[in-house]
Amino acid sequence: MGAGPMTDPFALLDVASLLSDEERDIQRTVREFLAERARPHIADWFERAVFPRDLVPELGKLGVLGMHLTGYGCAGVNAVSYGLACLELEALDSGLRSFVSVQGSLSMYSIWRYGSEEQKQQWLPRLAAGEAIGCFALTEPDHGSDPANMSTKAVRDGADWILNGSKLWITNGGIADVATVWAATEEGVRGFLVPRGTPGFTTHDIEQKLSMRASVTSELSFADVRLPDSARLPEAHSLGAPLACLNEARFGILFGALGAGRDSLQAALSYAGTRTQFDQQISKFQLTQRKLAEMAVSLNTGLLLAVHLGRIKEAGRIRPEQVSVGKLNNVRAALDVARECRTILGANGVSLEYPPLRHANNLESVLTYEGTEEIHTLVVGQALTGLSAFR
Ligand SMILES: Cc1cc2nc3c(=O)[nH]c(=O)nc-3n(C[C@H](O)[C@H](O)[C@H](O)COP(=O)(O)OP(=O)(O)OC[C@H]3O[C@@H](n4cnc5c(N)ncnc54)[C@H](O)[C@@H]3O)c2cc1C
């Protein structure tokens with residue numbers, strides 16, 4: 001009996017009925033583009049640790065780079081549309097979604113929100129078109145969760161600034177045409193746009209990663225890098241500026257992670273429907289159905305949460321701790337789902353032929369970056385108690 005396995009686990013709660021036609025169209029367009037241009041190659045890119053750089057101008061044409069920003073060649077779509085695009089990108093691979101998040105929400109947003117008109121004109125149209133690549137450098141070797149203690153310093157020298165220090169774990173770092181670099185100054189934390197090729201600025205890609213293999217992650221070093229004051233982001237006056245950029249990017253993650261979860265669950269549903277043991281489909285075993293049901297409940301409630309947060313973001317009312325709730329819940333849910341799906345695939349689950357373990361490995365990074373699971377837990381704890389347990 002029955003109509004066969006459900007191909008889209010999100011059909012369970014019909015969350016799509018909460019979306020507009022335009023939002024559904026954007027989601028479908030991104031999914032179809034990736035199915036044709038990336039899906040056949042992603043396991044190979046991951047295995048060979050290749051970032052598909054040729055895809056960047058195509059992503060620009062698709063309109064997903066800085067798609068939630070307005071002007072300067074950006075599409076200006078609403079928050080939920082941006083989230084749904086991230087969901088489809090991460091259903092392919094967290095590495096590609098990370099590229100789009102860093103380009104749009106960290107590099108472009110930092111320029112769009114805090115840059116001068118000249119900086120916006122110089123960089124935003126090229127970044128939106130995928131003709132240039134950006135990165136965002138906050139984390140350092142000795143300062144991850146506590147960027148307030150950063151060691152990278154910029155000091156005034158006449159009309160210029162001299163930048164010294166290093167940044168670690170920077171997505172797109174080695175391929176970026178422009179880096180948004182955050183540094184301590186005597187006046188507080190400031191952001192600087194450092195173009196590739198600036199004397200004293202070097203990059204080194206991190207190899208031997210077990211996660212985000214289809215994404216470039218790099219160390220950035222600055223040795224007496226001389227920058228004119230026009231390289232400084234004039235509207236960024238404190239650490240609040242990079243933290244606000246991160247809040248933008250996290251919003252994409254709370255949708256994105258669900259894509260990795262959905263893709264894992266689709267693979268497990270399909271596999272369980274055809275694999276037989278003890279003369280029965282493994283999807284008929286109660287223990288398998290329990291896993292499938294719990295995963296579908298978890299992902300569907302995560303999507304309801306994401307759409308809710310999207311709507312309050314569109315209304316201009318979202319608070320950072322609400323984004324923390326979304327990132328905490330949905331990344332954790334997606335990681336649990338990806339690992340559980342791996343078990344349903346048995347030994348085949350460790351093969352790159354199937355996506356769950358690739359997604360699980362990627363989601364280990366997503367759990368840590370843009371605020372670790374622990375820090376987001378403490379942000380929610382602080383909102384509840386009024387007391388900060390982490391500083
Ligand atoms: C693939 C990848 C890409 C990345 N891309 C970027 C990027 O583009 N730009 C960028 O700037 N950074 C990037 N990062 C860095 C990322 O944001 C940091 O790794 C993250 O902020 C955590 O910092 P850390 O790794 O130094 O860990 P630490 O801060 O050293 O934390 C180690 C452990 O201690 C816990 N901990 C720390 N402080 C507390 C506390 N007060 N209370 C309780 N627990 C605590 C943490 O939760 C964690 O479990 C990337 C990381 C990865 C893995």
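Each ligand, and each atom within it, is numbered from 1 in the order the structure gives.
- A distance of 10.5 Å separates CG in Leu287 from CD1 in Ile344, rounded to the nearest 0.5 Å.
- Rounding to the nearest 0.5 angstrom, the gap separating the OG atom in Ser110 from the CD atom in Glu248 is 11.0 Å.
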List, pair by pair, the atoms of ligand 1 and of the protein that are both N or O and lie under 3.5 Å apart, giving the separation rounded to 0.1 Å.
{"residue": "ligand 1", "atom": "5 (N)", "partner": "Trp169", "partner atom": "O", "Å": "2.8"}
{"residue": "ligand 1", "atom": "5 (N)", "partner": "Thr171", "partner atom": "OG1", "Å": "2.8"}
{"residue": "ligand 1", "atom": "8 (O)", "partner": "Thr171", "partner atom": "N", "Å": "3.0"}
{"residue": "ligand 1", "atom": "8 (O)", "partner": "Thr171", "partner atom": "OG1", "Å": "3.4"}
{"residue": "ligand 1", "atom": "9 (N)", "partner": "Phe136", "partner atom": "O", "Å": "2.9"}
{"residue": "ligand 1", "atom": "11 (O)", "partner": "Leu138", "partner atom": "N", "Å": "3.0"}
{"residue": "ligand 1", "atom": "11 (O)", "partner": "Thr139", "partner atom": "N", "Å": "2.9"}
{"residue": "ligand 1", "atom": "11 (O)", "partner": "Thr139", "partner atom": "OG1", "Å": "3.1"}
{"residue": "ligand 1", "atom": "12 (N)", "partner": "Thr139", "partner atom": "OG1", "Å": "2.7"}
{"residue": "ligand 1", "atom": "14 (N)", "partner": "Trp169", "partner atom": "O", "Å": "3.1"}
{"residue": "ligand 1", "atom": "29 (O)", "partner": "Ser145", "partner atom": "N", "Å": "2.9"}
{"residue": "ligand 1", "atom": "29 (O)", "partner": "Ser145", "partner atom": "OG", "Å": "2.6"}
{"residue": "ligand 1", "atom": "41 (N)", "partner": "Phe390", "partner atom": "O", "Å": "3.4"}
{"residue": "ligand 1", "atom": "47 (O)", "partner": "Thr372", "partner atom": "OG1", "Å": "2.6"}
{"residue": "ligand 1", "atom": "47 (O)", "partner": "Glu374", "partner atom": "OE1", "Å": "2.7"}
{"residue": "ligand 1", "atom": "49 (O)", "partner": "Glu374", "partner atom": "OE1", "Å": "3.2"}

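- Checking Ser94 against Glu90 by side-chain atom types alone, a donor-acceptor pair falls below 3.5 Å.
- Checked options Gln27, Arg97, Arg28; the residue passing with Glu88 is Gln27 (criterion: side chain to side chain donor-acceptor pair (under 3.5 Å)).
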Which donor-acceptor pairs under 3.5 Å do the side chains of residues 49-61 make with protein atoms, sequence neighbours left out?
{"residue": "Glu58", "atom": "OE1", "partner": "Arg37", "partner atom": "NE", "Å": "2.7"}
{"residue": "Glu58", "atom": "OE2", "partner": "Arg37", "partner atom": "NE", "Å": "3.4"}
{"residue": "Glu58", "atom": "OE2", "partner": "Arg37", "partner atom": "NH2", "Å": "2.7"}

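- You'll find the ring centres of Tyr72 and Trp112 outside the 6.0 Å limit.
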